[in-house]
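So the structure is just underneath, and the comments pick up after that.
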Amino acid sequence: MVRPTNLTEEQGQFRYDPSSLEKKGPARLFPHTGEDGAIYYILDKLRQNLLEQGQLSQPWSLLLQQLDNAIHTCDEKWGEISTLLVDLKIFQSGWFNFTLPANEQFDPSYVRERRIILQKLFGAKNAAEAVERRHDLSEAAIRKQQRLEFYQKLENKKQAAALANHHVSLHPVVSRIHEREGGLSDREFARQRLAGQNPMVLRRLMSDDRAMLSAWAGQSYILEDGSSVDLVELATANSLFVANYPILQNLKAVHLQPGRYLGSPVALFHYSQKGLEPLLIELEKGKVITPSKNGVAVDDWMRAKLSVQTADVTHHELITHLCYTHLSMEAFAIATSRRLPYNHPLFQLLHPHFQFLLAINTRGNNLLLGEGSAIEQLLATTREVSIDLMNIAYRERPFSEYSLLNNIKSRGIEQEFIANFPYRDDALLLWESIHNYTKHYLQRYYPDDRAVQQDSYLRSWVEELGTPLASHPKTEFAQPPTWFPRKLAVQAGLEVENLPDYPRVPDFGEITSLQQLIDTATTLIFISGPQHAAVNFSQFDYVAYVPNAPLALYSPPDTPATLEELLPPANQDLGQMVLTFALSGIRYGKLGSSDLIQFADRGNQQILAQFQHELTGIEAKINARNQERLVATGVEYPYLLPSCIPNSINI
């Protein structure tokens with residue numbers, strides 16, 4: 001593939017979207033190319049404004065709403081048609097690319113992979129929908145039967161054979177665990193904090209948590225073995241761990257979809273040689289639930305655990321997955337193309353790990369974040385609130401916290417405090433290998449700190465990402481043609497009066513040393529590969545079985561209700577299965593693949609070969625660990641096997 005080396009051309013194609021500035025959200029690519037794209041955006045935005053502000057009579061409003069629905073339907077159908085007909089050369093060209101810079105759209109090989117997955121998904125969905133139309137079954141029976149039909153259709157020998165080379169899970173692991181243990185056991189509830197879809201929340205209770213601890217410490221707590229423990233003593237011994245979701249704590253009824261519920265619970269765990277064990281769940285201030293063995297009704301404890309599961313999966317989808325991988329990396333993908341020439345060593349190192357990121361994020365604008373999208377259909381929070389939560393989370397997290405080492409330290413989950421933590425243990429192997437790879441590569445081009453400081457392209461890249469936007473030219477953002485009426489551009493939000501004084505990436509400071517550059521590159525490659533793999537490909541195993549982690553509760557968790565009353569209705573249940581399979585069904589490209597990282601220099605090829613050799617060793621080590629995990633817990637942790645990690649965020 002030939003790329004232009006003219007940065008002026010790249011800067012004209014890669015433009016930032018000004019619409020996220022007011023909310024201080026992640027930097028996004030403007031999803032329309034050329035001046036014609038800017039005009040389309042303005043006219044579409046003006047149409048939306050007329051509808052939202054009630055400035056049209058009812059007939060015109062109805063007409064525009066129908067037009068909007070028709071456009072949305074056409075976009076969906078066009079996506080399906082272009083996927084099914086990908087083998088036609090015209091669909092492999094740029095003739096239909098109006099949203100992305102040249103060379104950033106999915107290539108035919110990726111679309112063929114998506115076609116296979118979608119065909120299987122549609123078959124499973126149709127089988128499940130047939131159950132939903134039956135009138136001889138109760139709501140609970142319909143949900144149970146449609147899950148069976150969905151999984152069985154995926155597991156069909158013909159279907160499974162087509163997916164054999166895709167490393168795709170066809171039956172959620174957690175559904176078999178629930179069958180084996182009679183539901184969400186305390187052991188499994190605790191294990192998912194370490195090896196589920198969201199291993200990024202659990203942290204050690206530290207000195208800053210004294211107020212939290214004092215509220216609970218007035219009584220003794222009974223462990224599973226019947227022994228009594230004192231929380232203060234356990235905290236002093238560094239054996240208390242907490243999972244909480246402060247970003248959800250200020251949500252009110254007005255922030256949620258009608259009839260759906262989401263809390264901000266706090267779960268406290270004790271870690272010992274026997275493993276992690278739940279001690280209590282605080283549903284709200286002053287309302288603490290302990291395990292049913294302590295005289296609490298079984299249903300009360302199960303409702304409390306489901307409240308945590310729903311908060312956790314909401315945090316996972318919006319923050320851990322969407323915000324802290326997909327959206328956080330977008331600014332780096334844009335700046336790399338805008339500021340680094342194609343033959344710059346940092347471009348050559350990073351760009352393969354951004355392949356299709358802009359394409360999948362742009363596609364997600366409609367499928368996940370748009371009006372009527374999956375977030376709006378399935379989560380408890382409204383679409384607007386979901387986006388606000390992501391923006392807040394993004395701005396609160398400094399870039400240094402994306403480092404695996406810093407994250408482990410800040411959460412207090414080092415091995416000396418918690419011995420077995422599958423995500424952490426496997427991730428550290430990959431972090432070290434990626435660090436070695438970036439170090440050996442970058443040392444060839446930057447022999448010392450002075451070489452880093454004298455690289456004007458690198459300095460320009462850092463400034464675009466880390467300096468206050470108020471110091472940047474407005475031309476970094478999409479602009480209307482000079483002849484276009486400025487008043488209309490202002491009304492559409494495309495003409496920005498004053499740029500804000502915050503940077504695109506929070507606390508992304510200067511890079512003045514080789515070590516800083518190595519650490520930065522390591523972080524970006526780790527987030528784009530292993531981190532995304534860990535939190536994305538675990539979704540089907542843990543979220544596609546809805547009783548384990550419903551995306552919304554349908555009864556308040558602090559009021560008497562059966563399990564079935566808490567869970568989503570059948571259509572939402574199916575929607576959650578479809579979403580999680582669609583989000584984790586494609587594994588395109590492999591971390592460190594020579595097909596994707598095509599170094600021309602022989603020395604760089606040798607460095608890549610050494611990286612590949614290390615990944616092979618890591619594969620063997622994780623496979624051995626998984627055998628031990630099967631013996632200890634009956635469950636593997638396969639999500640960080642190098643052979644299953646894509647080279648970039650592309651799904």
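Checked against the 6.0 Å centroid criterion, the rings of Phe508 and Tyr402 do not qualify as a close aromatic pair. Within the 6.0 Å centre-distance limit, the rings of Tyr441 and Phe599 are counted as a close aromatic pair. Taking the centre of each ring, His344 and Tyr342 stay at or above the 6.0 Å mark.
Within the 4.5 Å cutoff, the side chain of Asn407 has heavy atoms near those of the Met200 side chain. Two residues are said to be in side-chain contact when any heavy atoms from C-beta on lie closer than 4.5 Å; Phe399 and Thr523 meet this criterion. The shortest side-chain heavy-atom distance between Asn571 and Leu574 does not fall under the 4.5 Å cut-off. Side-chain contact check for Asn391 versus Pro26: some heavy-atom pair is nearer than 4.5 Å. The shortest side-chain heavy-atom distance between Thr314 and Leu551 does not fall under the 4.5 Å cut-off. Contact annotation: the side chain of Tyr446 approaches that of Pro345 to within less than 4.5 Å [non-hydrogen atoms, C-beta and beyond]. Residues Leu322 and Tyr394 have side chains not in contact (no heavy-atom distance under 4.5 Å, counting atoms from C-beta outward). Counting heavy atoms from C-beta outward, Tyr502 and Pro468 have side chains that stay 4.5 Å or more apart.
Annotation: Tyr457, atom OH; neighbour count of heavy atoms from other residues, nucleotides and ligands within 6.0 Å does not exceed 12. Heavy atoms of other residues, nucleotides or ligands lying less than 6.0 angstrom from CD of Gln55 number more than 12. Atom CD of Gln491 sits in a crowded spot, with more than 12 heavy atoms from other residues, nucleotides or ligands closer than 6.0 Å.
Checking side-chain atoms of Glu330 against main-chain N and O of Asn361 turns up no donor-acceptor pair under 3.5 Å. In terms of modelled atom types and a separation under 3.5 Å, the side chain of Ser528 and the main chain of Leu524 share a donor-acceptor contact. Distance alone, capped at 3.5 Å, is enough to place a donor-acceptor pair between the Gln572 side chain and the Gln377 backbone. In this structure a side-chain-to-backbone donor-acceptor pair under 3.5 Å is missing from Tyr639 to Ile645. For the pair Asn647 (side chain) and Gly592 (backbone), a donor-acceptor distance under 3.5 Å is present. Remark: side-chain polar atoms of His532 are not paired, donor with acceptor, to backbone N or O of His321 under 3.5 angstrom. In this structure a side-chain-to-backbone donor-acceptor pair under 3.5 Å is present from Arg397 to Glu401. Under a 3.5 Å cut-off, the side chain of Asn126 and the backbone N or O of Phe122 do form a donor-acceptor pair. The main-chain N or O of Ile334 is never found under 3.5 Å from a side-chain atom of Ser337 such that the two would form a donor-acceptor pair. In this structure a side-chain-to-backbone donor-acceptor pair under 3.5 Å is present from Lys474 to Val496.
Rounding to the nearest 0.5 Å gives a distance of 7.0 Å between CD1 of Ile387 and CD1 of Ile375. Here the CG atom belonging to Leu469 is positioned 7.5 Å from the OG atom belonging to Ser471, to the nearest 0.5 angstrom. The CD1 atom of Ile597 sits 7.0 Å away from the OG atom of Ser593 when rounded to the nearest 0.5 Å. From Ile651, atom CD1 reaches atom CD1 of Ile360 across 4.5 Å, with rounding to the nearest 0.5 Å. Summarising the geometry, atom CD1 belonging to Ile527 is positioned 14.0 Å from atom OG belonging to Ser648; distances are rounded to the nearest 0.5 Å. Here Gln355 contributes atom CD and Glu104 contributes atom CD; the two are 9.0 Å apart, rounded to the nearest 0.5 Å.
Remark: Arg15 is not positioned above the aromatic ring of Phe477, lacking an NZ or CZ atom under 6.0 angstrom from the ring centre and at most 45 degrees off the axis. Note that Arg28 lies outside the cation-pi zone of Phe14, set by a 6.0 Å cut-off to the ring centre and a 45° limit from the axis.
Applying the salt bridge (Lys or Arg N to Asp or Glu O under 4.0 Å) test to residues at least two apart or on different chains, the pairs with a partner in residues 338-347 are Arg338-Glu464, Arg339-Glu464, Arg339-Glu476.
Taking a cutoff of 4.0 Å between a charged side-chain nitrogen and a carboxylate oxygen, Lys590 and Asp595 do not qualify as a salt bridge. For Arg486 and Glu497, the salt-bridge test passes: some basic side-chain N is under 4.0 Å from an acidic carboxylate O.
Here the closest non-hydrogen pair linking Leu596 and Gly589 is CD1-CA, 3.6 Å. Across every non-hydrogen atom of Leu340 and Leu458, the tightest pair is CD2-N, 4.3 Å. Across all non-hydrogen atoms, the minimal contact from Ser433 to Leu615 is OG-CD2, 4.2 Å. Nearest approach of Leu465 to Ala331, heavy atoms of both residues: CD2-O, 3.6 Å.
Donor-acceptor pairing under 3.5 Å is recorded for the side chains of Gln516 and Thr512. In summary, the side chains of Asp601 and Gln605 do not present any donor paired with an acceptor at a separation below 3.5 Å, with no hydrogens or angles considered. Under 3.5 Å, the side chains of Thr467 and His472 contain a donor-acceptor pair of N or O atoms. Side chains of His315 and Thr320: a donor on one and an acceptor on the other come within 3.5 Å. Side-chain atoms of Thr362 and Thr99 include no donor-acceptor pair closer than 3.5 Å. Ser400 and Asn406 form no side-chain donor-acceptor contact under 3.5 Å, judged by distance and modelled atom types alone.
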Trace of the side-chain contact (heavy atoms from CB on, under 4.5 Å) decision for Asn650 with Leu357: CA-CA 5 Å; Asn650 54 50; Leu357 170 64; over 6 Å; no
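Using cut-offs of 30° and 60° for the angle between ring planes, the His32 and Tyr41 rings count as tilted. Using the six-membered ring where Trp is involved, Phe332 and Trp461 have ring planes that are tilted, between 30° and 60° apart. Ring planes of Trp431 and Phe526: perpendicular class, angle over 60° (limits at 30 and 60°).
Shown here are the ring pair (Phe, Tyr, Trp, His ring centres under 6.0 Å) partners of Phe356, two or more places apart in sequence or in another chain: Phe106, Tyr110, Tyr588.
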